[in-house]
Amino acid sequence: MIDIVKEYRVALPAWIDDELADVPAVVPGREDRMRLVHRLADRNWREGNGGPFAALVAERDTGRIVSVGVNVVLASGVSSAHAEVVALGLAQMATGGWDLGATGLPSHELVVNWRPCVQCYGATLWSGVRTLVVAGEGPELEEITTFDEGPLGADWAEQFEARGIEVVGDVLRNEALAVFHDYRKAVDEADGIVVYNARGGTA
């Protein structure tokens, strides 16, 4: 009999409880939801769990927070454990199914601190969310952090829209870039921060 690993576990870090202690269950404003994402992203890399990335899933119309996610690639040893994947998976567990757009559910939106990488693009596309809210898009993320975001097409937003997923961009863009710059400065000053990417390289 072949002896194989039969499961893997991806979980949020323990410090999440501390960060969410003062956050109300309902955060009605999109900018306020993005501020929470930036806060989580900034703490995440400082704690060593993964890159400076975070996401949340909220009910679009009420602002009720359904889940949050941070990048836990380093903490879990799982390359797919990106913030969006974690947030979407936890939201699907919370709602009881794989389709966040299922009949009877409120419309959900994913809020993330930059345009999704090629992996998270697909995960978002199939998740059932009705809205994707991003802090920004463009080459700055890769230029600042040196992460490889993959070969995403120039029409990425149009493809979401064609499938009924509204894309809202440039929500607190400068704040996202500030987190990336802080991360890069720390990478340049210390040997202990790993910049992983699709090629397995480091900064």
Side-chain angles (χ1 to χ4, degrees), residues 12-24 27-58 63 65 67-75 81-88 109-121 123-124 131-150 152 154 156-157 160 166-198 201-203:
L12 291 174
W15 57 260
I16 287 288
D17 289 337
D18 179 55
E19 281 296 325
L20 298 181
D22 64 348
V23 177
V27 181
R30 276 191 175 141
E31 287 195 355
D32 288 332
R33 295 198 282 272
M34 187 64 80
R35 284 189 185 94
L36 174 58
V37 167
H38 291 329
R39 185 168 128 189
L40 295 173
D42 188 57
R43 181 158 179 184
N44 191 61
W45 72 263
R46 296 178 190 276
E47 294 282 353
N49 300 108
F53 308 110
L56 66 79
V57 174
I65 305 300
S67 69
V68 302
V70 293
N71 182 297
V72 289
V73 170
L74 296 180
H82 290 194
E84 297 96 318
V85 171
V86 173
L88 291 168
E109 72 177 26
L110 176 68
V111 182
V112 62
N113 62 324
W114 205 252
R115 180 208 71 190
C117 72
V118 66
Q119 172 199 250
C120 296
Y121 182 85
T124 304
T131 309
L132 170 65
V133 181
V134 298
E137 62 169 305
E140 293 92 341
L141 168 60
E142 290 182 301
E143 291 169 357
I144 296 168
T145 68
T146 75
F147 282 100
D148 178 7
E149 295 296 281
L152 202 59
W156 68 272
F160 275 126
E166 178 190 12
V167 177
V168 179
D170 292 330
V171 178
L172 302 184
R173 177 188 178 93
N174 289 338
E175 287 85 342
L177 295 174
V179 172
F180 300 152
H181 279 295
D182 286 347
Y183 174 81
R184 179 57 185 270
K185 181 179 178 182
V187 168
D188 290 342
E189 292 177 350
D191 294 329
I193 300 175
V194 178
V195 178
Y196 55 87
N197 57 35
T202 58

- Message: What I'd like to find out is whether the side chain of Cys120 reaches to under 4.5 Å of the side chain of Val85, using heavy atoms alone.
- Response: yes
- Item | Heavy-atom pair of closest approach, residues Trp15 and Leu40 | CH2-O, 3.7 Å
- Message: Could you check whether any side-chain heavy atom of Arg184 comes within less than 4.5 Å of a side-chain heavy atom of Asp188, counting everything from C-beta outward?
- Response: yes
- Message: When you compare the side chain of Arg173 with that of Glu140, does any pair of heavy atoms fall below 4.5 Å?
- Response: yes
- Heavy-atom distance under 4.5 Å between the side chains of Val112 and Leu132, does that happen here? yes
- Query: Between Arg115 (side chain) and Gly136 (backbone), is there a donor-acceptor pair under 3.5 Å?
  - Reply: no
- Query: Can you find a pair of side-chain heavy atoms, one from Asp18 and one from Arg43, that are under 4.5 Å apart?
  - Reply: yes
- Quick one: does Trp45's side chain get under 4.5 Å of Val187's, heavy atoms only? no
- Note on the structure: Scanning both residues in full, the closest heavy-atom pair of Val72 with Pro13 reads CG1-CD, 3.9 Å
- Query: Is it true that a side-chain atom of His38 and a backbone atom of Leu172 form a donor plus acceptor pair closer than 3.5 Å?
  - Reply: yes
- Query: What are the two closest non-hydrogen atoms of Val179 and Pro52, and how far apart are they?
  - Reply: CG1-CB, 4.0 Å
- Message: Ring-plane angle category for Tyr121 and Phe160, please: parallel below 30°, perpendicular beyond 60°, tilted otherwise.
- Response: tilted
- Is the closest side-chain donor-acceptor distance between Trp114 and Glu149 under 3.5 Å? no
- Message: Do Val70 and Leu12 make a side-chain contact, defined as non-hydrogen atoms from C-beta onward lying under 4.5 Å apart?
- Response: yes
- Task: Mind telling me whether Phe180 and Phe53 have parallel, tilted or perpendicular rings, with 30° and 60° as the class edges?
- Result: tilted
- Val171 versus Met34, closest heavy-atom pair with distance: O-CG, 3.4 Å
- Message: Counting C-beta onward and ignoring hydrogens, is there a side-chain heavy-atom pair between Val23 and Arg39 closer than 4.5 Å?
- Response: yes
- Are any side-chain N or O atoms of Asn44 and backbone N or O atoms of Gly51, one a donor and one an acceptor, separated by less than 3.5 Å? yes
- Message: To check you understand the geometry: which heavy-atom pair defines the closest contact between Arg33 and Val27, and what is its length?
- Response: NH1-O, 2.6 Å
- Looking at Arg35 and Asp32, does any basic side-chain N land under 4.0 Å from a carboxylate oxygen? yes
